[in-house]
**Student:** 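Got a structure for you, written out below as structure tokens; questions coming shortly.
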Amino acid sequence: MKSYEEGPHTKHRFTVTPKESESQFHLVSREQLKHNAKQGVNYWGGSDFPTMLIWAGRIYDFLRVLEGIVGYYPARLQSYLVGYNSGWNGADVNSRLLTDLPANDGNVRLLSSGNGVLSGAGWGRSEIEYDDATGSVQWRFPEGTAIGLAARQDGLRERPACPFVAGFVAGWTNRSLGTKSEFQETECVGKGDAHCVFESTEYLREKTE
Amino acid sequence: MVIPRTVRSESPGETFIIRPPVDLSEALREELSGLRNLQGWISAAVTRRDGLAIQHTFSKGQQANALCAMAAAIVGSARATGEELRQGAFNYSIVQYVDGLLLVKEAGAEAILACLFARNANLGLALLTMTQIAKRIEERLEEL
């Protein structure tokens, strides 16, 4: 699941194969999910955050509806913020679930667990690249994110469809590494790209066309 | 069970607010100081188009963050309205309250200038000054 490239500095690459995604699904969406029958509500990883299945297209709808009112940029930030909290909390809960020996004080290990959790939860299979010399991080979804795929069903769009996921990977990354990075969607299947790619940036300076 | 020693931080919010590069902040702080002499001026902020504060004169960051988010929403919704009604590009927005005036103007392709004034401020002069400062902010941002 994890491989490392050695060079003048360490470049970490964490992948999830389709087979591993299958086993992550059993772990994340079955074993780690507890059902409170009285409430009819699920709880993940021993946390007290109510958890539920929701169609990815409905997450996309939050962006779509909001951007129809206030425009893309403010809608993107609000969607990103929600995703950020989700990623942060997810990493926080997962830090208590990891049972293997911590590498690099546990920070990189926690980062590396993010894509397994995401694919196991049905968000999309991804690989993470982390260059510990530059601090740059990339999350790449070779088949797209679930939200991006849902957006594509709705028709191609001009701008990325997954600020929620950009926020999520930012929250997970920052919680893991103790960094303060933003992420931007550099490729999105929702706008016709072959993959979804999220790249870290120190400070996003996005300009209108 | 081995618990990895991961980084601790109080809350996600504290890590979310990304500080702009120092040169960017300083350039904008200098421009905002030009508004201080206007009669009725209360506070001002420069925000990214998405509503994340870049620089402001508020004593509390929380107030600035709220204004910046709202300013971005005002510009976004005004632009959308303009497109829907085929009225062309957005120029500026004036919101008049019982106690004050909120002026919002784009400052180039990547920023918005928002200023809060007392109700009795000279609106014409405030708009003129804001227009000049927004232009300079745009130029400063392009330089960086």
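Proteins come first, then strands; the chains are lettered A, B, ... in the order of their sequence lines, and each starts at number 1.
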**Student:** Heavy-atom cut-off 4.5 Å, strictly under: side chain, backbone, both or neither for A:Y72 against chain B?
**Tutor:**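 For A:Y72, neither part sits under 4.5 Å from chain B.
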**Student:** Please classify the contact of B:I112 with chain A as side chain, backbone, both or neither, using a heavy-atom distance under 4.5 Å.
**Tutor:** neither
**Student:** When rounded to the nearest 0.5 angstrom, what is the spacing between CG in B:D50 and CG in A:L204?
**Tutor:**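 If I round to the nearest 0.5 Å, the distance is 7.0 Å.
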**Student:** Check the surroundings of atom CD1 in A:I54: do more than 12 heavy atoms from other residues, nucleotides or ligands lie under 6.0 Å from it?
**Tutor:**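 More than 12 heavy atoms, drawn from other residues, nucleotides or ligands, come within 6.0 Å of this atom.
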**Student:** Between B:A78, B:P21, B:A111, B:A73, which shows the greatest number of heavy-atom pairs under 4.5 Å with chain A?
**Tutor:**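 Highest number of heavy-atom pairs under 4.5 Å: B:A73.
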**Student:** Can you tell me which portion of B:L24 sits under 4.5 Å from chain A's heavy atoms? Options are side chain, backbone, both or neither.
**Tutor:** side chain
**Student:** Is the NZ atom of B:K135 crowded by more than 12 outside heavy atoms at less than 6.0 Å?
**Tutor:** no
**Student:** Over all heavy atoms of both residues, which pair between A:P74 and B:A72 is shortest? Give the atoms and the distance, please.
**Tutor:** CG-O, 3.3 Å
**Student:** What heavy-atom pair brings B:I18 and A:E182 nearest, and what distance separates the two atoms?
**Tutor:** CG1-CG, 3.1 Å
**Student:** For atom CZ of B:F58, is the number of surrounding heavy atoms from other residues, nucleotides or ligands below 6.0 Å larger than 12?
**Tutor:**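 Enclosed: over 12 neighbouring heavy atoms sit under 6.0 Å from CZ of B:F58.
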**Student:** Can you tell me how far apart CG (B:L52) and CG (A:L81) are? Round to the nearest 0.5 Å.
**Tutor:**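 Answer rounded to 0.5 Å: 8.5 Å.
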**Student:** Determine the minimum heavy-atom distance between B:G51 and A:L77, stating which atoms define it.
**Tutor:** C-CD2, 4.0 Å
**Student:** Side chain from CB out, backbone as N, CA, C, O: work out which of these in A:E202 comes under 4.5 Å of a heavy atom of chain B, or both, or neither.
**Tutor:**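 Just the backbone, heavy atoms under 4.5 Å.
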**Student:** How many angstroms lie between OH in A:Y203 and CZ in B:R48, if you round to the nearest 0.5 Å?
**Tutor:**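 Going from OH on A:Y203 over to CZ on B:R48, the span is 5.0 Å.
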